[in-house]
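So that the names make sense, note that chain A is the first sequence line, chain B the second, and so on, each numbered from 1. Since the structure is predicted, the reported quantities are computational estimates derived from the model, not experimental observations.
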Amino acid sequence: MLDLKLVREHTEQVRAAIRRRGAELDLREFLALDEKRRSTQQELEALRRKRNEVSEEIGRLKKAGKPAEDKVAEMRAEGDAITALENAGRETEEAQRNILLMIPNLPHASVPDGKDEADNVEIRRWSPQGGELPKFSFEPKPHWDIAAYLDIIDFDRAAKITGARFALYKGMGARLERALINFMLDLHTTEHGYLEVLPPFMVNRDSMITTGNLPKFEEDLFKVENGAYYLIPTAEVPVTNIFRDEVLPEESLPVLYTAYTPCFRREAGSYGKDTRGLIRQHQFNKVELVKFAKPEDSYDELEKLTRNAEEALRRLGLAYRVIALCAGDLGFSAAKTYDIEVWLPAQNKYREISSCSNFEDFQARRGNIRYKPKGGKKTEFLHTLNGSGLAVGRAVVAILENFQQPDGSVVIPEVLRPYMGGAERIVRRASRVESLKS
RNA sequence: GGAGAGGUGGCCGAGUGGUUGAAGGCGGCAGACUCGAAAUCUGUUGUGGGGGUAACUCCACCGGGGGUUCAAAUCCCUCCCUCUCCGCCA
């Protein structure tokens with residue numbers, strides 16, 4: 001949420017910043033409501049002041065045993081006027097807030113111009129081959145073929161159990177997923193200074209509003225039918241909301257949290273996209289990094305957070321590149337975002353495996369998350385950041401595709417072996433229940 | 001699911017419907033005392049919003065929302081949360 005005063009007093013700058021995103025902002029209604037709200041408030045306060053004064057006088061008169069009937073009668077009428085104004089004021093305020101909640105964040109000055117992903121800017125790339133893409137002596141297979149051969153992921157039976165876009169992991173597949181989660185959590189907690197948290201996987205509406213998932217993107221979310229809860233689309237939501245409506249002491253910043261959670265997304269509007277395999281699922285696992293930082297530090301923290309996520313890929317030996325999203329490709333709440341894309345040889349392209357963003361005070365304002373500067377008297381909104389560290393399902397995809405062997409087996413990255421009972425590769429099991437379509 | 005108790009300032013805790021933004025205590029801050037510290041004493045100490053160059057002033061806020069009343073922390077309704085007992089349950 002943008003600062004009300006900023007929108008009111010620097011309307012043109014706000015409009016120009018939103019235009020960089022490729023959106024046109026009509027603020028006429030907003031500004032009209034703002035004026036109405038403020039005049040109503042002043043009128044209301046004058047009436048309330050009068051009521052306070054007269055009521056006090058009535059109290060004094062009664063105490064002195066004097067009659068106060070005429071004053072009481074006078075105020076009786078005023079009361080209705082106050083109630084009417086209160087209602088009007090509330091409505092105006094709510095209408096104005098609803099508009100404000102629908103306005104996206106302003107892109108940071110360092111965000112490149114552009115209208116869609118084609119205009120994103122590559123920042124750097126890395127691979128275990130010193131920047132070169134990995135080479136194969138054979139045609140690399142897509143991960144769903146590898147997984148089927150190894151019988152480690154069963155999409156057909158997952159579809160029977162639940163529906164499309166779900167996966168049933170089996171054997172070393174399930175173990176690989178679990179190994180990745182543990183590896184990443186251990187990396188971020190023991191080497192990068194994050195505290196592990198395990199939050200609820202369902203949240204209330206207020207939490208979704210804080211992060212910007214509501215009110216605008218309800219169609220992306222699963223809502224629990226019996227109750228007002230939503231399944232989280234990312235750990236960003238519950239973890240960012242840990243400090244909703246709180247004031248943190250400056251000394252505690254930055255606060256660094258990492259969380260493993262499953263993530264649930266409707267993927268509305270993505271029909272036909274990535275229909276095969278693990279890339280796009282309604283439920284997937286992710287290890288998330290979340291930071292609460294002082295405003296002056298937040299961009300340094302974004303660089304560090306991105307590096308922390310990259311480190312997981314480096315240790316796994318997976319080629320990747322980092323791109324800066326252009327203004328037009330930026331998510332609703334973000335002021336700046338780096339995407340980390342991992343190389344997938346079967347698709348012959350880089351695919352997003354992490355998205356690292358600085359939200360500045362956009363989420364903090366929506367969730368009323370503040371800090372108290374040491375010298376200063378006033379509490380201020382802090383900055384929130386987060387990034388995937390990493391998307392686990394997509395890491396499985398990358399491992400299967402990058403480390404597949406001519407014989408159909410898959411070599412397990414060394415850093416994961418301690419988490420997989422020392423196994424060095426995933427091979428086809430001798431004893432299997434055949435797949436549905438064989 | 002049933003029965004009960006409770007939610008007040010950073011924390012603890014009081015509060016007959018009428019100078020209560022809220023006693024008292026703790027904590028914090030400033031000052032005095034001290035070479036310094038502790039102890040002690042004095043003062044000060046919530047948030048948000050409106051108006052004013054400023055001194056200052058006004059409005060709101062005692063879990064959320066609604067109501068009764070000239071006037072609500074105090075009465076009523078409702079929702080949320082916490083705790084205790086019983087039942088059920090991983």
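- When each of A/Leu176, A/Leu180, A/Asp186, A/Ile412 is checked for a side-chain contact (heavy atoms from CB on, under 4.5 Å) with A/Tyr419, only A/Asp186 meets the rule.
- Ring centroid separation for the pair A/His282 and A/Phe222 comes in under the 6.0 Å cut-off.
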Go through A/His108 and A/Tyr299 one step at a time and tell me if the ring pair (Phe, Tyr, Trp, His ring centres under 6.0 Å) criterion holds. CA-CA 10 Å; A/His108 186 253; A/Tyr299 279 94; 3.9 Å; yes
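- Counting to the nearest Å, the C1' atom of B/rA71 and the NZ atom of A/Lys62 are 9 Å from each other.
- The NZ-P distance, from A/Lys50 to B/rU57, rounds to 23 Å in whole Å.
- Of all heavy-atom pairs between A/Met172 and A/Arg425, the closest is CE-O, 4.4 Å.
- Considering only the side chain of A/Arg370, B/rU47 comes nearest among B/rU47, B/rA71, B/rG66.
- Applying the Watson-Crick and G-U wobble criteria (two distances, each under 3.5 Å), B/rA73 pairs with nothing in any strand.
- When each of B/rG51, B/rC70, B/rG48 is scored by its nearest atom to the side-chain atoms of A/Thr379, the top-ranked nucleotide is B/rG48.
- Nucleic acid contact class of A/Glu56 (heavy atoms, under 4.0 Å, all strands): none.
- Residue A/Lys5 has no polar side-chain atom (N or O) positioned under 4.0 Å from OP1 or OP2 of B/rG48.
- Atom C1' of nucleotide B/rG63 and atom CG of A/Asp206 are separated by 14 Å, given to the nearest angstrom.
- B/rC88: no Watson-Crick or G-U partner with both key distances under 3.5 Å is found in any strand.
- Remark: B/rG6 base-pairs with B/rC81; criterion is Watson-Crick or G-U wobble with both hydrogen-bond distances under 3.5 Å.
- When distances are taken from the side chain of A/Ile58 to each of B/rG18, B/rG66, B/rU47, the shortest belongs to B/rG18.
- Taking the P atoms as reference points, B/rU19 lies 14 Å from B/rU74, given to the whole Å.
- Atoms CD (A/Glu57) and P (B/rA71) sit 15 Å apart, rounded to a whole Å.
- The 12-atom threshold is not exceeded at CD of A/Glu35, counting heavy atoms of other residues, nucleotides or ligands nearer than 6.0 Å.
- B/rU20 makes up no base pair with any nucleotide shown, lacking Watson-Crick or G-U wobble contacts both under 3.5 Å.
- Within 4.0 Å (heavy atoms only), A/Arg37 reaches no atom of the nucleic acid at all.
- For the pair A/Glu74 CD and B/rC70 P, the computed distance is 13 Å after rounding to whole Å.
- In this structure, B/rA30 and B/rU42 make a Watson-Crick or G-U wobble pair, each of the two defining distances being under 3.5 angstrom.
- Base pairing annotation: B/rA14 forms no Watson-Crick or G-U wobble pair, as no partner gives both donor-acceptor distances under 3.5 Å.
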